[in-house]
Structure formats: C-alpha cells, structure tokens
Amino acid sequence: METKEFSYKGMTLNGIMMLLVTIVTLCGGIGLMIWAACMDDHSEAMAFLSGISGLVVMIVGIFLACGFLLVEPGEARVLMFFGKYKGTFTEAGYYWVNPFLNQKKLSLRARNLDAEPIKVNDKTGNPVMIGMVLVWKLKDTYKAIFEIDSQTMANQAGAGSTSAAQIMNAFERFVSIQADAALRQVAGLYAYDNGEDTDSKALTLRDGSDEINKQLEARIDERLAMAGIEVVEARINYLAYAPEIAAVMLRRQQATAIISAREKIVEGAVSMVKMALQKLSDEEIVDLDDDKKAAMVSNLLVVLCGDDTAQPVVNTGTLNH
C-alpha cells in the first residue's frame, strides 16, 4: 500500500554541542542584564543598551532551548513546519533542530491487547463467548497522525494538552474497537462445533484454530491499515458457549459422545458374535439350529454391550437315577 511517510531531511545538529551553546547564551544574557543594573547613573545610555542586549541574548537562548530533540530506540518524531509535514525522524540520539518545527512523539514498540470475551452469534445462531489477544504496532507515522483523527480522540480523553501517552491511548481505543468488529465478523462466519445441521467436514471455531486465527489477523489488518497500524499476531484465546445455553449444549455433547461410544461397542460386539459363530461352525464344536443361534447371539450381545458385568447362570444339566 502506498505511503506518504518519508524521513526528515532537514538540518540537525549535535544536541550536546547546542546545549553548551544555549547555556553560554543564557548565561551571557543574564550577565549583561546584571551588569546593566549595576552601572551608575552617569552611564544611563550604556546601561540601557546593555540591558536591551542582555534581553535579546536571553530571548535567543530561550529560542535555542526549544529546538532539542531526544529520540529513544523504538520511538519516532513526526515533524511539521507551520502545519506542513516535513518528515519523520527515527534515528535514536540527542539532536537540535529548527525550533519552529512542531514535534509529535509516537512509539513504534509492539503493544498487547487482551480483549475481554464478548457474546456473539455463530453461524448457526448459537450465542458464544469469544475473546482474543492482539499484538500490534505503528508502522506508518503519516497515516497514524493525519489519516485518522487521533488528535481529537486524545484531547477528548485527556481534556487538555495532547501528550504522547494520550495519543497512544487513543490508538489503543481505536485498535480495540476495530478488533472487536473484526472478531464479531469472523465468529459469525463459522459454527462453534459440528452438529447435525452442519457439514461434518466444515471449518468450525473450536477445531479450526489456525485457519480462524489467520482469517482474524487478516480482517483486523485490513481495518487498521488506514491508521498505519500493523498486526503482528492475532489469535482467539477464549471460546465457550454463552451461559444461557452452556448446560444444554454440554448435555448435547455428552449425548453425542455416548452415542458414538455405543456405536463402537455394538460394532465390536457384532464382529465378535460373528467370529464366534463362524468358529463354532468351522471347527464343528457344536451344531446349532436357528433358534439356538438366535439365543446365543442375544446372550452375547447382552454380555458385550451391557454397562454392568454379566452374572452368568451355569446349566449343569440333570442327573438320571
């Protein structure tokens, strides 16, 4: 995406050197004013000129003191000259620039957003609670300052002069609102879990975490691009049914699990009964008619599919006297 940001190419001087010059200038101005005050009445003209010179030198010293620029690693300064953008300064160090340049301090460091779980409706209309964690940072300082109304948002929050902390807090609120909207949009495209009315192979919020997180990151990145903000990572860190349906859905999940387990048990039992009948027939151990086979199958299925341990009754036959 095209950007209007560029590095500041104007005059920059060493900050330490200019600090010494400023101190000397201020001290010189104060000295001239003190010297003018100490002159006797016979040198009124000289005292007046010395006082005016000291005042001028003091004003120059104050003017020089307004041009210092301290930039730490991971920070940037957006420089403007009477409302015109003159570039972004990101080189760490202590410098002196034109005092008429207006400086806007921004942080380029990564920031976290741990969004509280919100209630949304999934694709099937079920209310779910979903939360996320987001890592973001400023990438384009021009868009951050001029493309969105960050100044007004910071002023409304601070009710006074706009500081760097207020501006960054305004960005955090902007990111929070846009991330919330993107999360609701993505959550509404997928079901919480596969059910009877959904495709068993369809992507769901519970099972498709990697793919869902990629789509969530892309949607948030699209929304934040207008503000020059880059999404480093976005992922869902909380997912659950809403309290009003949590108990019902839990019973549904338990029922589904029980049915699935029963299907496996029955499938295995039928296979074992079939194998037992085949073995008895192949090895000619006993000759069973259809009625006895049916009784045997019934008894084996009861034993194999029952929840409790079977208590067999052993028939020892009868004795003839």
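The analysis underlying the following values was restricted to heavy atoms, covering all of them including side chains, and did not include hydrogens, waters or symmetry mates.
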**Item:** By side chain to side chain donor-acceptor pair (under 3.5 Å) - contacts of E222 (at least two apart)
**Value:** none
**Message:** Could you check whether any side-chain heavy atom of M132 comes within less than 4.5 Å of a side-chain heavy atom of I220, counting everything from C-beta outward?
**Reply:** yes
**Request:** Under the side chain to side chain donor-acceptor pair (under 3.5 Å) rule, collect the residues that match up with Y8, sequence neighbours excluded.
**Result:** none
**Message:** With a 4.5 Å cut-off on side-chain heavy atoms, are N237 and D114 touching?
**Reply:** yes
**Fill in**
On a heavy-atom basis, the closest approach of A181 and R223 is CB-NH1, 3.7 Å
**Prompt:** Between D180 and R184, does at least one N-O distance fall below 4.0 Å, as a salt bridge requires?
**Reply:** yes
**Prompt:** Quick one: CG on L138 to CD1 on I145, what's the gap to the nearest 0.5 Å?
**Reply:** 8.5 Å
**Minimum side-chain heavy-atom gap L189-L203 below 4.5 Å** = no
Side-chain donor/acceptor pairs under 3.5 Å, residues 80-87, sequence neighbours excluded:
residue, atom, partner, partner atom, Å
Y85, OH, F6, N, 3.4
Y85, OH, F6, O, 3.2
Y85, OH, T88, N, 3.4
Y85, OH, T88, OG1, 2.7

**Prompt:** Does any donor atom in the side chain of E211 or Y190 lie under 3.5 Å from an acceptor atom in the other side chain?
**Reply:** no
**Prompt:** Mind checking whether F89 and V97 have side chains closer than 4.5 Å, heavy atoms only?
**Reply:** no
**Prompt:** Are the side chains of L183 and V120 in touch, meaning some heavy atoms are under 4.5 Å apart?
**Reply:** no
**Asked** Partners of E116 by salt bridge (Lys or Arg N to Asp or Glu O under 4.0 Å), sequence neighbours excluded?
**Response** none
**Pairwise distance CG(L106) to OG1(T90) - rounded to 0.5 angstrom** = 11.5 Å
**Request:** Using the test side chain to side chain donor-acceptor pair (under 3.5 Å), find all partners of N213 that sit at least two apart in sequence or belong to another chain.
**Result:** none
**Asked** Under a single-linkage rule joining Ile, Leu, Val, Met, Phe, Trp and Tyr whose side-chain heavy atoms are separated by less than 4.5 Å, which residues share a cluster with M129?
**Response** Y238
**Message:** List the residues meeting side-chain contact (heavy atoms from CB on, under 4.5 Å) with S271, not counting sequence neighbours, and say none if there are none.
**Reply:** none
**Asked** If you link I, L, V, M, F, W and Y whenever their side-chain heavy atoms are under 4.5 Å apart, who else ends up in the same group as V135?
**Response** V232
**Complete:** CG of L69 to NZ of K105, rounded to nearest 0.5 Å, is 10.5 Å
**Non-hydrogen side-chain atoms of I130 and I118 separated by less than 4.5 Å** = yes
**Item:** Joint cluster assignment, L64 & M11, ILVMFWY side-chain distance < 4.5 Å
**Value:** yes
**Prompt:** Can you find a heavy atom in the side chain of L239 that is under 4.5 Å from one in the side chain of Y192?
**Reply:** yes
**Full working for side chain to side chain contact (heavy atoms under 4.5 Å, CB included) between M18 and Y94** = CA-CA 10 Å; M18 291 303 298; Y94 191 51; over 6 Å; no
**Request:** Identify the heavy atoms of A227 and I148 that sit nearest to each other, and give their distance.
**Result:** CB-CD1, 3.7 Å
**Where K123 and A191 come nearest, the two heavy atoms and their spacing** = CB-N, 3.6 Å
**Message:** Checking one residue: I62. Which other hydrophobic residues are in its cluster under the side-chain 4.5 Å linking rule?
**Reply:** L26, I30, M33, I34, M58
**Asked** Between E75 and R109, does a side chain to side chain contact (heavy atoms under 4.5 Å, CB included) hold up when you go through it step by step?
**Response** CA-CA 7 Å; E75 289 185 348; R109 302 183 180 102; 3.9 Å; yes
**Message:** If the condition is side chain to side chain donor-acceptor pair (under 3.5 Å), which residues does E233 pass it with, not counting sequence neighbours?
**Reply:** R235
**Request:** If a pair satisfies salt bridge (Lys or Arg N to Asp or Glu O under 4.0 Å) and one of its residues is in residues 124-141, list it, with sequence neighbours excluded.
**Result:** none
**Message:** Go through it in stages, so that I can follow the logic: the residues are T141 and L108, the test is side chain to side chain contact (heavy atoms under 4.5 Å, CB included), and I'd like the CA-CA distance, side-chain angles, deciding distance and then a yes or no.
**Reply:** CA-CA 9 Å; T141 58; L108 303 180; 4.1 Å; yes
**Non-neighbouring partners of D122 that pass salt bridge (Lys or Arg N to Asp or Glu O under 4.0 Å), sequence neighbours left out** = none
**Asked** Quick one: are W96 and L19 in side-chain contact, heavy atoms under 4.5 Å?
**Response** no
**Fill in**
Separation between CG (L113) and CG (L134), nearest 0.5 Å, reads 5.5 Å
**Asked** Shortest non-hydrogen contact from I236 to L216?
**Response** CG1-CD2, 4.1 Å
